[in-house]
Amino acid sequence: LHTSALIQAAVHRFCERKLLDRHATRVATEYARRRSLLLAALRRRMPPEVTWTEPRGGFSLLVTLPSGMDAGALLPQAIERGVAFTPGAPFFVDGGGQRTLRLSFSSVAAGRIDEGIRRLADTIKAARTRLRGRERVERAVVPVV
């Protein structure tokens, strides 16, 4: 139900020596760098119909998929391409958010962000192409009276 006394003592010593402030500054700088890399990769690689938030802080951002797409349905396809995200719906209290996904930049190494976004963008483009193909087929079978 609690951390070990040894860990508590180590954290106490860390804070007592004023190392927490220095650490917080260092990680905030690194998270800002990763956020910038993520935003640049999104701008460079995502199709125009995809939008995203640009947070000033934190550890993640929300991406909104094109109309007709569902983040939960997209997740298995993304995993097949070696990239994962958190579907955004659980973050919406009104039951919405099916088209959103949450991307974390705090736990991903800076050098892997662009490749991850490339894979995600490819997944979205492929899913969008399949969706458009399905819409054409559905339109073709609707009788005109």
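Atoms considered below: every heavy atom in the structure, side chains included; atoms not considered: hydrogens, waters and symmetry mates. In this chain, numbering begins with 1 at the start of the sequence shown.
Rounding to the nearest 0.5 angstrom, the gap separating the CD1 atom in I113 from the CG atom in L38 is 6.0 Å. The distance from the CG atom of L65 to the CE atom of M46 is 8.5 Å, given to the nearest 0.5 Å. Between R26 atom CZ and E30 atom CD the span is 10.5 Å, to the nearest 0.5 Å. Here the straight-line distance linking atom CG of L20 with atom CZ of F14 works out to 6.0 Å at 0.5 Å rounding. With rounding to the nearest 0.5 Å, the separation of CG in L61 from OG1 in T100 is 11.5 Å. Distance check, rounded to the nearest 0.5 Å: CD1 of I117 to CZ of F85 gives 10.5 Å.
Checked against a 6.0 Å centroid threshold, the rings of Y31 and F59 count as neighbours.
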Before you tell me yes or no, could you show the steps for R128 and E49 under side chain to side chain contact (heavy atoms under 4.5 Å, CB included), namely the whole-Å CA-CA distance, both residues' side-chain angles and the distance that decides it to 0.1 Å? CA-CA 10 Å; R128 187 182 57 178; E49 308 87 25; 2.3 Å; yes
Apply side chain to side chain contact (heavy atoms under 4.5 Å, CB included) to the pair T86 and L101, showing each step before the final yes or no. CA-CA 6 Å; T86 304; L101 53 101; over 6 Å; no
Please determine whether side-chain hydrogen bond (donor to acceptor under 3.5 Å, both in side chains) holds for the pair Q77 and T123, giving the CA-CA distance in whole Å, both sets of side-chain angles, and the decisive distance to 0.1 Å. CA-CA 7 Å; Q77 298 163 40; T123 304; over 6 Å; no
In sequence, state the C-alpha distance, the side-chain angles, and the governing distance for L62 and L103, and then conclude on side chain to side chain contact (heavy atoms under 4.5 Å, CB included). CA-CA 6 Å; L62 287 179; L103 294 179; over 6 Å; no
Pair R102-S60, side-chain hydrogen bond (donor to acceptor under 3.5 Å, both in side chains): steps then yes or no: CA-CA 7 Å; R102 183 174 177 258; S60 61; 3.1 Å; yes
May I have the step-by-step check of side chain to side chain contact (heavy atoms under 4.5 Å, CB included) for F92 and Q98, ending in yes or no? CA-CA 9 Å; F92 287 74; Q98 285 74 21; over 6 Å; no
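Evaluation of the side-chain hydrogen bond (donor to acceptor under 3.5 Å, both in side chains) rule for R119 yields E115 as partners, not counting sequence neighbours. Contacts of E54 classified as salt bridge (charged side-chain N to carboxylate O under 4.0 Å, His left out), with partners at least two apart in sequence or in another chain: R43.
Transitive grouping of hydrophobic side chains (ILVMFWY, heavy atoms separated by less than 4.5 Å) keeps F91 and V50 in distinct clusters.
Here the shortest heavy-atom pairing between G72 and P76 reads O-CD, 3.4 Å. Nearest heavy atom pair, residue G116 against residue V83, reads O-CG2, 3.5 Å.
The local environment of CZ in R81 is crowded, with over 12 non-hydrogen atoms from other residues, nucleotides or ligands closer than 6.0 Å.
In this structure the side chain of L37 never reaches within 4.5 angstrom of the side chain of F105, judged on heavy atoms. The shortest side-chain heavy-atom distance between K18 and R22 does not fall under the 4.5 Å cut-off. Using a 4.5 Å heavy-atom cutoff, the side chains of R99 and D70 are not in contact.
We find that D114 and R44 are joined by a salt bridge, their nearest charged nitrogen and carboxylate oxygen being less than 4.0 Å apart.
When atom types are taken as modelled, the side chain of R34 and the backbone of V108 share a donor-acceptor pair closer than 3.5 angstrom.
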